[in-house]
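Note sheet for the following structure.
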Amino acid sequence: MELSKNFEHKASEEKWYSYWNEQKYFNSTPDDREPFTIVIPPPNVTGVLHMGHCLNNTIQDVLVRRARMQGKNACWVPGTDHASIATEAKVVQMLREKGIQKASISRDEFLGYAWEWKEKYGGIILQQLKKMGCSLDWERTSFTMDPDYYQSVISVFVDLYNKGFLYRGKRMINWDVKAKTALSDEEVIRKETQQKLYHLRYKIDGLDEHIIIATVRPETIMGDTAICVHPKDERYKHLHGKFAFVPLINRRIPIITDEYVTMEFGTGALKVTPAHDMNDYQLGQKHNLEVVDIFNEDGTLNEDAQILIGEERFEARKKIVIELEEKGHLIKTEDYTSEVGYSERTDAVVEPRLSLQWWVDMKKISGPALNVVMNDDVKFYPAKFKNLYRHWMENIKDWCISRQLWWGHRIPAWYDADGNYVVAATHEDALQQYQTKFGKAPADNTLSQDEDCLDTWFSSWLWPFEVFKGYSNPGNADVQYYYPTNTLVTAPEIIFFWVARMIMAGMEYQKEIPFKEVYFTGIVRDKQGRKMSKSLGNSPDLLELIDKYGADACRFGILIASPAGNDLLWEESSNEQGRNFNNKLWNALKLVKMWEGRTIDHGPQTSGENSFEVEWFDNRLNEAKAEIDQLFKEFRLSEALKTIYSLIWDDFCSWYLEWVKPGFEQPIDAAVYNKTVEFFEELMQLLHPFMPFISEEIYHALKERAAGDDITIKQLSSASKADKQVLQLAIQLKEVITALRDIRVKNQIKPKEAIKLSIETDQQQSYRAIESILAKQLNAESISYVSASVAGTISAVIQKDKFYIATKQAIDTSSQKEQMLKDLEYLKGFLLSVEKKLGNERFVQNARPEVVDIEKKKKADAEAKIKAIEESLASL
RNA sequence: GGGAGCAUAGCUCAGUUGGUUCAGAGCAUCUGCCUUACAAGCAGAGGGUCCGCGGUUCGAGCCCGUGUGCUCCCACCA
């Protein structure tokens with residue numbers, strides 16, 4: 001088979017991904033094996049792949065593929081989230097482009113367009129995951145608005161209502177003026193924002209005096225229904241019980257007192273606008289204040305504002321400031337920075353608004369979910385997120401779940417003309433309940449359904465079991481087998497949105513945790529540490545990157561840069577490292593393939609099977625496998641990948657292959673060749689979860705495979721014990737080679753020039769085993785053993801052994817002498833500190849015996865080395 | 001305002017119960033090499049007061065206190 005110059009990732013990716021699918025390697029059905037289940041955090045159906053997905057899904061794929069190779073029945077469930085706000089926004093925009101206003105069409109018409117849009121553009125992201133090589137079971141693809149799923153969400157709503165865990169209430173909520181819907185607290189992002197603090201004066205009724213208040217929102221003064229001061233504030237004592245006039249509109253409002261006011265802030269006087277501020281609302285309730293709502297749902301001023309009607313709130317602010325100034329009400333303006341809430345989805349400044357919404361009484365449902373995390377039934381990696389979780393759970397607030405949108409699960413509440421309501425899954429059920437509850441049928445025997453739909457998270461919290469129809473078809477074979485799932489891989493940003501609520505739903509509806517482990521990935525940032533985002537434009541197009549570097553290289557690039565439990569600073573060059581690694585692997589393959597037709601069978605007597613090279617790599621491989629196992633247990637995937645990278649590049653390519661490489665056009669021992677192919681195979685197995693395409697490609701290129709013999713499903717053998725002595729000898733061998741190569745470089749001995757090497761050592765036996773390797777790696781034409789220094793040579797001391805290099809070139813001993821003196825100085829200092837320690841009675845008494853023994857050995861070793869160097873120096 | 005985390009080589013990070021063969025790795029840098037798998041490479045090398053200060057200990061990168069600087073989360077000072 002002719003190999004291409006470089007690995008051709010595009011052809012390989014297409015070929016293998018479709019092959020794996022044809023073979024149904026990613027499809028799972030319950031059987032006797034232990035399951036390993038991951039449910040994908042469903043991306044928005046509107047979404048496109050970004051670097052965060054790349055990280056998150058690469059990690060999941062690594063875990064799933066490895067589990068599959070370890071004899072488990074691996075099942076990774078794909079799917080998408082209907083993403084109520086995001087999708088509705090897209091559809092509204094699409095309609096606008098067609099010249100259609102949402103308000104001008106019916107709900108059903110709108111939903112028709114929405115489904116059409118979803119079928120056409122939705123779920124692109126799932127196709128993109130295939131490009132990344134994700135081994136998802138596509139036959140299990142789920143969507144949060146699939147018919148059964150939809151019914152389950154509705155049914156859960158009804159059930160929670162019947163249990164008294166849900167209620168409808170008029171409260172201050174976070175209003176998104178752009179999406180025109182309520183938001184939950186979690187959907188509000190607080191950002192430090194530069195603002196102005198305006199000092200405004202209000203005329204006091206009956207006195208020739210003014211009171212000055214400070215506000216950042218002068219456009220809301222028309223909603224003021226009081227001024228509040230601290231009862232103990234001496235400055236305002238004479239105004240208690242008096243009234244003031246709101247500037248521009250002259251509404252007469254009371255001056256009230258409350259200890260809530262901070263005397264030191266601003267002027268110590270606060271305007272109270274109950275309709276447009278959470279705190280003011282509470283103050284208003286306490287003091288029975290009137291509530292004047294001056295905003296429309298889109299954030300423009302309404303008629304109750306009396307002035308600036310129809311203006312957008314921030315435009316109104318600009319205009320009213322000018323007017324206030326003109327009329328002498330603006331006393332001063334100062335710069336002020338404070339936190340302002342923005343909508344997570346639309347980035348609009350959130351408007352506090354009083355409205356009637358549906359709520360989940362979280363205290364009633366959250367209890368078991370706290371315990372299972374605190375006692376590690378659900379284990380968090382990294383564990384530091386347990387604190388965060390506990391804090392949120394212990395201070396949990398009710399969850400606003402109604403959204404003024406059409407795209408989503410429609411709230412199953414049914415109202416009569418007077419606003420009396422019942423909660424039921426269908427109109428029929430609702431009518432029946434109505435009869436029971438109110439003792440009569442509603443007018444015309446019809447009830448109208450709530451216009452609103454549910455928060456997307458109210459459906460995605462059922463994800464880990466409903467993808468197996470664990471709610472719609474309780475106790476079915478799938479949910480019994482796959483649930484609880486094993487590992488959830490997600491970003492810490494959605495710990496409250498999603499993780500916590502899934503645990504609650506799992507405990508409530510399956511009486512069991514939804515997953516055993518949660519692995520929180522870091523956030524992908526750019527080189528300057530900024531979070532990657534569309535608006536900043538610093539998020540690269542992943543598909544372009546895959547096209548340019550290959551999927552394997554991208555997977556490598558993101559994982560190698562990803563420290564466990566921390567954010568990662570990503571830059572394109574880490575993909576280059578991945579691509580270079582591909583290239584390295586490909587070249588190693590080419591080398592091995594060159595040997596294929598040139599093997600020679602030496603027979604069992606002189607077979608290379610027992611050579612040091614083979615024995616060493618076998619042991620090194622086992623040692624590394626054990627390390628990798630351990631790293632996986634701790635979710636240290638980045639380090640596991642680094643270990644494999646170094647095992648392949650350094651140990652296999654730089655050392656092993658060089659050691660077994662035959663001379664130019666020389667044959668290779670058949671047994672060594674076969675072992676080399678085996679090693680290569682095993683390395684590809686270790687690499688496969690991280691870089692699936694090239695590993696499968698190489699696995700098949702190495703030799704002819706029977707049908708179905710594919711690395712994707714080939715089982716990993718477990719690590720056997722590594723022989724420490726062999727490993728130690730190899731370390732020594734490498735050290736000798738490196739040191740003597742250094743001498744070659746420093747003495748400018750040309751690579752092609754052969755040297756004669758003499759070794760003075762008391763472990764000749766060991767050196768004989770590695771003699772041929774030494775000769776090859778150092779270009780030594782002869783190796784001999786001596787018991788005294790050899791005149792006219794370059795000498796070096798490595799460990800306790802002395803080496804003499806004879807060369808045709810003139811020898812300059814000054815640099816080696818310098819090096820030896822430097823070593824000597826260090827060793828003497830080192831020896832001194834060891835002796836000092838051993839001479840310290842308290843050390844000898846207090847330290848553990850084995851520690852003392854180590855120190856004694858250090859002393860002996862140092863002395864031996866010093867002796868060897870001194871002898872060498874003397875002979876120079 | 002409350003809480004959490006971080007600070008080790010130019011950059012990104014390892015360093016697991018304290019033991020100077022423990023100051024490491026990968027990138028990057030420098031010096032040789034187009035050597036018959038690989039210049040997307042090979043062979044070598046240099047580089048750090050482990051943030052400052054104090055303490056515990058025979059011994060501290062690691063434990064304790066404190067200061068400084070960054071990051072994140074939560075919270076209703078307009």
Side-chain angles (χ1 to χ4, degrees), chain A residues 3 5-6 172 190 197 213-217 228 260-262 264-267 269-273 277-283 336 338-339 352 382 384-385 387-388 391-392 395 492-493 495-496 523 527 529 560-571 573-574 576-577 579-595 630 634 636 638-639 642 645-646 653-654 657-658 661 663-665 737-739 741-746 748 750-752 779 826-827 829-830 833-834 836-837 840-848 850-852 854-855 857-858 861-862 865:
Chain A
L3 288 172
K5 183 171 186 303
N6 290 323
M172 271 291 192
R190 292 184 176 276
L197 191 58
I213 58 91
T215 180
V216 294
R217 301 199 63 190
C228 188
Y260 162 75
V261 178
T262 310
E264 293 74 32
F265 188 87
T267 61
L270 171 73
K271 78 186 197 65
V272 185
T273 321
D277 186 284
M278 302 272 181
N279 305 307
D280 290 11
Y281 178 69
Q282 280 162 19
L283 264 180
Y336 180 65
S338 71
E339 301 233 307
K384 65 180 177 189
F385 288 110
N387 286 327
L388 189 64
H391 183 261
W392 188 76
N395 297 284
E493 318 170 275
I495 184 170
F496 309 133
I523 294 166
K527 202 62 190 165
I560 205 78
S562 173
N566 279 321
D567 289 356
L568 63 143
L569 302 181
W570 184 89
E571 57 180 340
S573 65
S574 68
E576 284 172 26
Q577 202 188 339
R579 181 200 52 191
N580 296 353
F581 187 34
N582 270 346
N583 193 234
K584 186 72 183 177
L585 290 165
W586 198 249
N587 279 303
L589 172 69
K590 286 201 294 196
L591 177 65
V592 173
K593 291 303 281 184
M594 271 175 56
W595 302 339
Q630 189 54 35
E634 296 162 9
R636 301 170 72 152
S638 177
E639 281 175 71
K642 278 177 190 161
Y645 175 77
S646 162
C653 292
S654 296
L657 288 180
E658 293 298 335
K661 188 190 215 171
F664 185 51
E665 293 193 337
I737 292 169
T738 303
R741 274 176 177 167
D742 188 29
I743 285 173
R744 287 190 68 121
V745 170
K746 291 223 167 89
Q748 294 177 324
K750 294 248 155 40
K752 288 200 171 134
N779 192 14
Y826 168 79
L827 282 167
F830 176 70
S833 75
V834 175
K836 201 171 144 196
K837 191 183 285 187
N840 183 335
E841 267 178 48
R842 282 189 289 183
F843 170 72
V844 179
Q845 279 169 11
N846 296 335
R848 290 197 308 270
E850 61 265 33
V851 173
V852 178
I854 290 169
E855 293 301 316
K857 185 167 184 308
K858 281 183 199 166
D861 286 352
K865 276 192 241 177

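No hydrogens, no waters, no symmetry mates; every other heavy atom, side chains included, goes into these values. Quantities reported herein were computed from a predicted structural model and do not represent experimental measurements.
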Take the protein atom CD1 of A:Ile560 and the nucleotide atom C1' of B:rA25, then report the distance between them rounded to whole Å. 10 Å
Report which part of the nucleic acid A:Gln630 touches: base, sugar-phosphate, or nothing (heavy-atom distance under 4.0 Å, all strands). nothing
Listed nucleotide nearest any side-chain atom of A:Lys858, set B:rG19, B:rA43, B:rG44: B:rG19
Which is true for A:Cys653 with a 4.0 Å heavy-atom rule: it touches a base, it touches only sugar-phosphate, or it touches nothing? base
Could you tell me whether A:Asp861 contacts a base, only the sugar-phosphate backbone, or nothing, with contacts defined as non-hydrogen atoms closer than 4.0 Å? base
Suppose we define a pair by two distances each less than 3.5 Å, Watson-Crick or G-U wobble; what does B:rC72 pair with here? B:rG3
Report yes if a side-chain nitrogen or oxygen of A:Asn580 is closer than 4.0 Å to either non-bridging phosphate oxygen (OP1 or OP2) of B:rG41; otherwise report no. yes
Nearest whole Å is fine: how far is B:rG3 P from A:Asn387 CG? 12 Å
Residue pair A:Arg842/A:Leu569 against RNA chain B: nearer the 5' end by closest nucleotide is A:Leu569
For B:rC22, the Watson-Crick or wobble partner whose two distances fall under 3.5 Å: none
Would A:Lys857 and A:Asp861 pass as an ion pair if we require N to O under 4.0 Å? yes
Between B:rG19 and B:rG32, how many Å separate the two C1' atoms, rounded to a whole number? 40 Å
For A:Thr273 and A:Asp280, which heavy atoms make the closest approach, and how far apart are they? N-OD2, 2.7 Å
Regarding A:Arg579, tell me which of base, sugar-phosphate or nothing describes its non-hydrogen contacts under 4.0 Å with the strands shown. base
Separation between the C1' atoms of B:rC13 and B:rG18, rounded to whole Å: 23 Å
If you compare every side-chain N and O of A:Lys661 against the phosphate oxygens of B:rA37 (OP1, OP2), does one of them come in below 4.0 Å? yes
Under 3.5 Å for both donor-acceptor distances, Watson-Crick or wobble: does B:rC34 have a partner, and if so which one? none
Using a cut-off of less than 4.0 Å, is there contact between a side-chain N or O of A:Arg636 and OP1 or OP2 of B:rG15? yes
Which is true for A:Ser574 with a 4.0 Å heavy-atom rule: it touches a base, it touches only sugar-phosphate, or it touches nothing? nothing
Taking atom P of B:rC38 as reference, at what distance in whole Å does atom CG of A:Leu3 sit? 13 Å
Rounded to whole angstrom, note down the P distance from B:rU57 over to B:rC74. 43 Å
Using purine N1 to pyrimidine N3 plus N6-O4 or O6-N4 for Watson-Crick, or N1-O2 and O6-N3 for G-U wobble, both under 3.5 Å, which nucleotide pairs with B:rA14? none
Spacing of A:Lys857 atom NZ relative to B:rU20 atom P, expressed in whole Å: 14 Å
Go through the steps for A:Glu855 and A:Phe843 under the test side-chain contact (heavy atoms from CB on, under 4.5 Å), then give the verdict. CA-CA 11 Å; A:Glu855 293 301 316; A:Phe843 170 72; 3.7 Å; yes
Between the CG atom in A:Leu283 and the CG atom in A:Leu270, the distance rounded to the nearest 0.5 Å is 6.5 Å
Kindly point out which of B:rC27, B:rG15, B:rU21 is positioned nearest to the side chain of A:Lys865? B:rU21
Could you check which nucleotide pairs with B:rA40 in any of the strands shown, counting Watson-Crick or G-U wobble with both distances under 3.5 Å? none
Using ring-ring contact (aromatic ring centres under 6.0 Å, His included), reason through A:Phe265 and A:Tyr336 one step at a time and then give a plain yes or no. CA-CA 12 Å; A:Phe265 188 87; A:Tyr336 180 65; 5.7 Å; yes
Report yes if some heavy atom in the side chain of A:Asn580 is under 4.5 Å from a heavy atom in the side chain of A:Lys584; otherwise report no. no
How far apart are the C-alpha atoms of A:Leu591 and A:Leu657, what are their side-chain angles, what is the distance that settles it, and do they pass the side-chain contact (heavy atoms from CB on, under 4.5 Å) test? CA-CA 9 Å; A:Leu591 177 65; A:Leu657 288 180; 4.2 Å; yes
Just compare B:rG5, B:rA37, B:rC58 and give me whichever is closest to any side-chain atom of A:Lys384. B:rG5
Rounded to the nearest 0.5 Å, the CZ atom of A:Arg741 sits from the CG atom of A:Asn779 at a distance of 11.0 Å
Using the C1' atom as the reference point in each nucleotide, state the distance between B:rC72 and B:rC64 in Å, no decimals. 26 Å
Whole angstrom is fine here: how far is it from CD in A:Glu658 over to P in B:rG44? 11 Å
If you measure from the C1' atom in B:rG1 to the same atom in B:rA25, how many Å do you get, rounded? 42 Å
Heavy-atom side-chain contact between A:Lys5 and A:Lys590 under 4.5 Å: yes
Under a 3.5 Å cut-off for both distances, is B:rG67 Watson-Crick or wobble paired, and to whom? B:rC51
What are the two closest non-hydrogen atoms of A:Ile560 and A:Gln577, and how far apart are they? CG2-OE1, 4.2 Å
Determine: side-chain N/O of A:Lys584 to OP1/OP2 of B:rC42, distance under 4.0 Å, yes or no. yes
Within the 4.0 Å limit for protein heavy atoms, which parts of nucleotides 70-78 of chain B are touched? Write it as a string from 5' to 3', B for base, S for sugar-phosphate only, - for none. ---SSBBBB
Does any donor-acceptor pair link the side chain of A:Gln577 with the base of B:rA28 at a separation under 3.5 Å? no
Whole angstrom is fine here: how far is it from CD in A:Glu639 over to C1' in B:rG26? 11 Å
Any idea which of B:rG5, B:rU20, B:rC38 is nearest the A:Asn583 side chain? B:rC38
P gap between B:rG52 and B:rA9, integer Å: 11 Å
Would you measure the distance from the P atom in B:rU49 across to the matching atom in B:rG24 and give it in whole Å? 14 Å
5' precedence on RNA chain B between A:Ser573 and A:Val745 (nearest-nucleotide basis): A:Ser573
Does the distance from a Lys or Arg side-chain N to an Asp or Glu carboxylate O, for A:Lys642 and A:Glu639, drop under 4.0 Å? no
Please measure how far the P atom in B:rG55 lies from the corresponding atom in B:rG48, and state the result in whole Å. 27 Å
Rounded to the Å, how far apart are A:Tyr645 OH and B:rA40 P? 14 Å
Looking for any heavy atom pair under 4.0 Å, which part of the strands does A:Lys5 touch: base, sugar-phosphate only, or nothing? nothing
Among B:rA37, B:rC42, B:rG44, which nucleotide has an atom closest to any side-chain atom of A:Arg741? B:rG44
Tell me: NZ of A:Lys593 to C1' of B:rC38, nearest whole Å? 18 Å
